[in-house]
Amino acid sequence: MPADYHSHTPLCRHAEGTPGEYVEAAVAAGLLEYGISDHAPTPEPFDDWRMAAEELPQYLDWIAEAREHAAGRLPVRAGLECDWLPGCGPWIEELAGRSDWDYLIGSVHYLGGDWDFDNPKWLGRWAETDVEEAWSRYWETYAAMASSGLFDILGHPDLIKKFGFRPGGDLARFYDPAVEAIAASGGAIELNTAGWHKPCGEQYPSAGFLRRAAAAGIPLVISSDAHAPGELGRDFDKGVALALESGFRETVLFAGRGRRVTALTAPRP
Ligand code: ZN
Ligand code: FE
Ligand code: FE
Ligand code: ZN
């Protein structure tokens with residue numbers, strides 16, 4: 001199985017498991033590498049689903065413990081899932097210098113800086129939202145994040161569909177400019193399998209987006225976005241099959257913010 005670079009720790013307050021449990025799960029799932037990418041802190045307390053800036057040392061200890069546990073069995077990579085928020089550039093650069101990260105993931109969870117649209121807490125807000133407009137804002141924000149060049153991996157493209165709110169018509173009007181911006185940025189995208197377990201019932205991003213991304217030569221990783229040990233590598237057989245079907249032939253491996261590719265091979269039944 002490919003590496004799984006998108007996973008969380010209890011420091012974000014909505015994930016569970018010990019470093020040892022995650023390592024055992026990674027080995028059991030046959031992952032090539034296990035990457036830890038918990039929700040990065042913001043400079044000031046901001047919401048209730050991420051580590052605090054003062055907790056970064058604890059996070060690094062957590063990663064060190066996982067590495068100890070995994071020694072000789074599989075590589076453990078260190079990353080962060082950073083939020084793309086208005087004006088966040090200098091902070092992301094500061095975070096990037098705080099440790100020897102293997103990769104940084106950039107994610108859009110906020111529209112306009114105050115609405116974390118994927119939070120079930122705000123589900124009611126969707127009913128009063130102009131879906132077409134929210135999608136436009138989401139994809140503009142996503143393209144700006146890619147173009148910033150601050151991130152190695154661009155997280156869960158099309159997360160905006162999480163609760164199943166999709167505008168009508170051909171979604172190419174959103175996908176095409178985003179794929180163009182991502183391809184120009186050189187960043188990799190994820191095929192994030194968590195969407196299969198959300199109301200949208202579909203991986204992030206959609207098959208149409210994946211086909212366009214493969215045709216544009218955008219590098220790919222496959223991610224579970226695990227918030228519990230049992231979710232590591234979840235549905236990777238399905239994810240690999242879909243990636244191959246979409247035209248991808250390799251996935252990317254990260255170390256020290258450098259990358260190399262590895263062939264994507266069909267899972268054995
Ligand atoms: Zn989370
Ligand atoms: Fe996320
Ligand atoms: Fe995540
Ligand atoms: Zn995520």
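In this text the structure is predicted, and so the values were computed from the model without any measurement. In listed order, ligands and their atoms are each counted from 1. Keep in mind that the numbers below use all heavy atoms, side chains included, and drop hydrogens, waters and symmetry copies.
The Fe ion (ligand 3) has an N, O or S atom of E81 closer than 2.8 Å. Because the distance cut-off is set at 2.8 Å, C12 fails to qualify as a neighbour of the Zn ion (ligand 1), as none of its N, O or S atoms comes that close. The Fe ion (ligand 3) has no N, O or S atom of H227 under 2.8 Å away, backbone or side chain. Residue side and main chain included, H227 places an N/O/S atom under 2.8 Å of the Zn ion (ligand 1). Distance check for H109 against the Fe ion (ligand 2): an N/O/S atom falls below 2.8 Å. Backbone or side-chain N, O or S atoms of H8 reach the Fe ion (ligand 3) at under 2.8 Å. Counting backbone and side-chain atoms alike, H156 contributes an N/O/S atom closer than 2.8 Å to the Fe ion (ligand 2).
Take the N/O/S atoms of D225: the one nearest the Fe ion (ligand 3) is OD1. Minimum-distance N/O/S atom of H6 relative to the Fe ion (ligand 3): NE2.
In summary, D118 and K198 do not engage in a salt bridge, as defined by a charged side-chain N under 4.0 Å from a carboxylate O.
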Decide ring pair (Phe, Tyr, Trp, His ring centres under 6.0 Å) for Y110 and F46; before the verdict, give the C-alpha distance in whole Å, the side-chain angles of both, and the deciding distance to 0.1 Å.
CA-CA 12 Å; Y110 280 93; F46 174 69; 5.1 Å; yes
If you apply the rule side chain to side chain donor-acceptor pair (under 3.5 Å), what do you find for E33 with Y5, and how did you get there?
CA-CA 8 Å; E33 301 188 354; Y5 288 136; 2.6 Å; yes
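Taking the Zn ion (ligand 1) as the apex, the angle formed with NE2 of H39 and NE2 of H14 is 100°, to the nearest 10 degrees.
Under the 3.5 Å distance criterion, the side-chain polar atoms of S37 are matched with a main-chain donor or acceptor of S7.
Listed by chain and residue number, nothing satisfies the ring pair (Phe, Tyr, Trp, His ring centres under 6.0 Å) test with Y34 (two or more places apart in sequence, or in another chain). Y22 pairs by the ring pair (Phe, Tyr, Trp, His ring centres under 6.0 Å) definition with W62, not counting sequence neighbours.
Between the side chains of H156 and E81, at least one donor-acceptor pair of N or O atoms lies under 3.5 Å.
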